Amino acid sequence: MAHWLVKSEPDVYSFSDLTRDGRTTWDGVRNHAAAIHLKAMKEGEEAFFYHSNEGKAVVGIARVVKTAFPDMSDPAGRFVAVEFAPVRAFPKEVGLAVIKADPVLGKMEMIRQNRLSVSPVSDAEWARMLKLAGG
DNA sequence: GCCAACGTTGGC
DNA sequence: GCCAACGTTGGC
């Protein structure tokens with residue numbers, strides 16, 4: 001099972017919005033590298049939910065409930081969307097400063113390519129993040 | 001096919 | 001508000 005990280009600006013769509021909605025369509029991704037990751041997601045796989053700009057922290061976990069399908073918001077029909085459901089909020093948010101300072105998490109794809117909105121997370125990174133999040 | 005200009009994202 | 005990174009566009 002692969003793991004992922006997705007970014008969202010919380011004033012656009014936050015983790016609490018996802019918790020309220022129960023599930024959501026993750027569309028609007030307009031970057032091919034990110035789209036490749038969306039296409040690779042399998043049902044049931046989990047993703048860290050990161051708040052960009054405001055918050056700048058990983059705040060919880062979402063689960064893929066529908067694999068890639070055409071993004072209806074893309075007029076050219078080239079990009080794809082998936083659907084996520086909430087799994088749980090972290091007991092403790094893991095802030096960007098903590099992530100960057102951590103020897104394991106500091107090497108994550110989201111740090112290396114900071115504009116990438118969907119990125120893969122290794123098993124070691126996943127486990128480390130959960131530990132810092134308080135279990 | 002190259003590359004400069006430009007737009008977008010996201011951290012600071 | 002500024003700037004770095006980087007993807008996209010368009011002229012040649």
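Computed over heavy atoms, backbone and side chain alike; hydrogens, waters and symmetry mates excluded. Here is the naming used below: chain letters follow the sequence lines, and residue numbers restart at 1 for every chain. From a predicted model like this one, the values you see are computed outputs, not experimental measurements.
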Sugar-phosphate, base or nothing in reach of Leu96(A), heavy atoms under 4.0 Å: sugar-phosphate
Lys100(A) NZ to dA4(C) P, straight-line distance once rounded to whole Å: 14 Å
Distance in angstrom units between Lys56(A) NZ and dT9(B) C1', rounded: 13 Å
Atom-to-atom span, CD of Gln113(A) to C1' of dA4(C) - whole angstrom: 13 Å
Nearest-angstrom distance from the residue atom CD1 of Ile99(A) to P of dG11(B): 10 Å
Rounded interatomic separation in angstrom, taking CG from Leu116(A) and C1' from dG11(B): 16 Å
Touch class at under 4.0 angstrom, heavy-atom based, for Asn114(A) against every strand present: sugar-phosphate
Val118(A) side chain near Val29(A) side chain, heavy-atom distance below 4.5 Å: yes
Integer-rounded Å distance: dG7(C) C1' and Phe79(A) CZ: 10 Å
Side-chain heavy atoms of Glu109(A) within contact of Leu116(A), under 4.5 Å: yes
Minimum-distance nucleotide (side-chain atoms of Lys7(A) versus dG10(B), dC12(B), dT8(C)): dG10(B)
Proximity to the side chain of Asn31(A) - top-ranked nucleotide from dG10(B), dG7(C), dC12(B): dG7(C)
Donor-acceptor pair under 3.5 Å, Arg115(A) side chain vs dT8(B) base: yes
Presence of Tyr50(A) side-chain N/O under 4.0 Å of dT9(B) phosphate oxygens OP1/OP2: no
Ser73(A) side chain to Arg30(A) side chain, donor-acceptor N/O pair below 3.5 angstrom: yes
salt_bridge(Glu46(A), Arg63(A)) N-O dist < 4.0 Å: no
